[in-house]
Amino acid sequence: MKKKYWLMKSEPGEYSIQDLKESEGGIDYWDGVRNYQARNFMRDDMKIGDRVLFYHSGKRPAVVGTAKVVATGYPDHTAWDPQSNHFDKRSTPENPVWFMVDIQFESEFSRPLPLKELRQISGLENMMLLRKGMRLSIQPVTRKEFDIVVKAGKGKS
DNA sequence: GCCAACGTTGGC
DNA sequence: GCCAACGTTGGC
């Protein structure tokens, strides 16, 4: 099984890389995705050992670190919790609609690598994140792109 | 705060 | 099955 590479977006006010880092064992579940394409990636394509670029959207859009997939897709229980703001009555334990994976904190860049800088790095011209109108919260990334971003992120201080 | 791009919903 | 209206995302 070939290792794959991903980018996962989160509003840091909602869930940041620090939250992941500070969770038990650095492991947490990626709940709340309510987009079918992103769901399909988690349910069908993300495998244990896949690497992840952790992206903060919002005020300071930037890649902030890396993580790895430690559990493959399973039902997102927040969808059938009426108290959750990700509640979706169409999803039930018997017939789950939404899925999530577990990821584990791996590294945090010494400083966030802003979206603006990503646009200027050669080799990233075709990166999905940089395409106009791209809102998908989970995106496949090529190995090359992953390596370039990590190298640029680690090189910062 | 604005607004473009996108996904979803619902009337027909 | 089309498409207008609406809500959301997310960069600027």
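The chains referred to below are lettered A, B, ... by the order of the sequence lines, with proteins before strands, and numbering in each begins at 1.
In this structure, A:Glu11 atom CD and C:dT9 atom P are separated by 9 Å, rounded to whole Å. For the pair A:Ile138 CD1 and B:dG7 P, the computed distance is 15 Å after rounding to whole Å. Atom-to-atom, CZ of A:Arg135 to C1' of B:dT8 comes out at 10 Å; the value is rounded to the nearest Å. Rounding to whole angstrom units, CH2 of residue A:Trp98 and P of B:dG7 are separated by 13 Å. The distance from atom CZ of A:Arg131 to atom C1' of B:dA5 is 15 Å, rounded to the nearest whole Å. Rounded to whole Å, atom C1' of C:dT9 lies 17 Å from atom OH of A:Tyr36. The nearest whole Å value for the distance from the CG atom in A:Asp88 to the P atom in B:dT8 is 12 Å. In this structure, A:Arg60 atom CZ and C:dC12 atom P are separated by 15 Å, rounded to whole Å.
The nucleotide whose nearest atom lies closest to any side-chain atom of A:Arg90 is, among B:dG7, C:dG10, B:dT9, B:dT9. Nearest to the side chain of A:Ser137, among C:dG10, C:dC12, B:dG7, sits C:dG10.
A:Arg34 and A:Thr78 are linked by a side-chain donor-acceptor pair at a separation below 3.5 angstrom, with hydrogens and angles left out of the test. Between the side chains of A:Asp76 and A:Tyr29, not a single donor N or O lies within less than 3.5 Å of an accepting N or O.
A tilted orientation is assigned to the rings of A:Trp98 and A:Tyr36, their planes being inclined by 30° to 60°.
Following chains of ILVMFWY side-chain contacts shorter than 4.5 Å, one cannot reach A:Met134 starting from A:Leu7, and the two form parts of different hydrophobic clusters.
Considering only side-chain N and O atoms, A:Tyr55 lies under 4.0 angstrom from the phosphate OP1 or OP2 of C:dG11. When the side-chain nitrogen and oxygen atoms of A:Lys132 are compared with OP1 and OP2 of B:dA5, one or more of them lie within a distance under 4.0 Å. Residue A:Arg119 has a polar side-chain atom (N or O) positioned under 4.0 Å from OP1 or OP2 of C:dC12.
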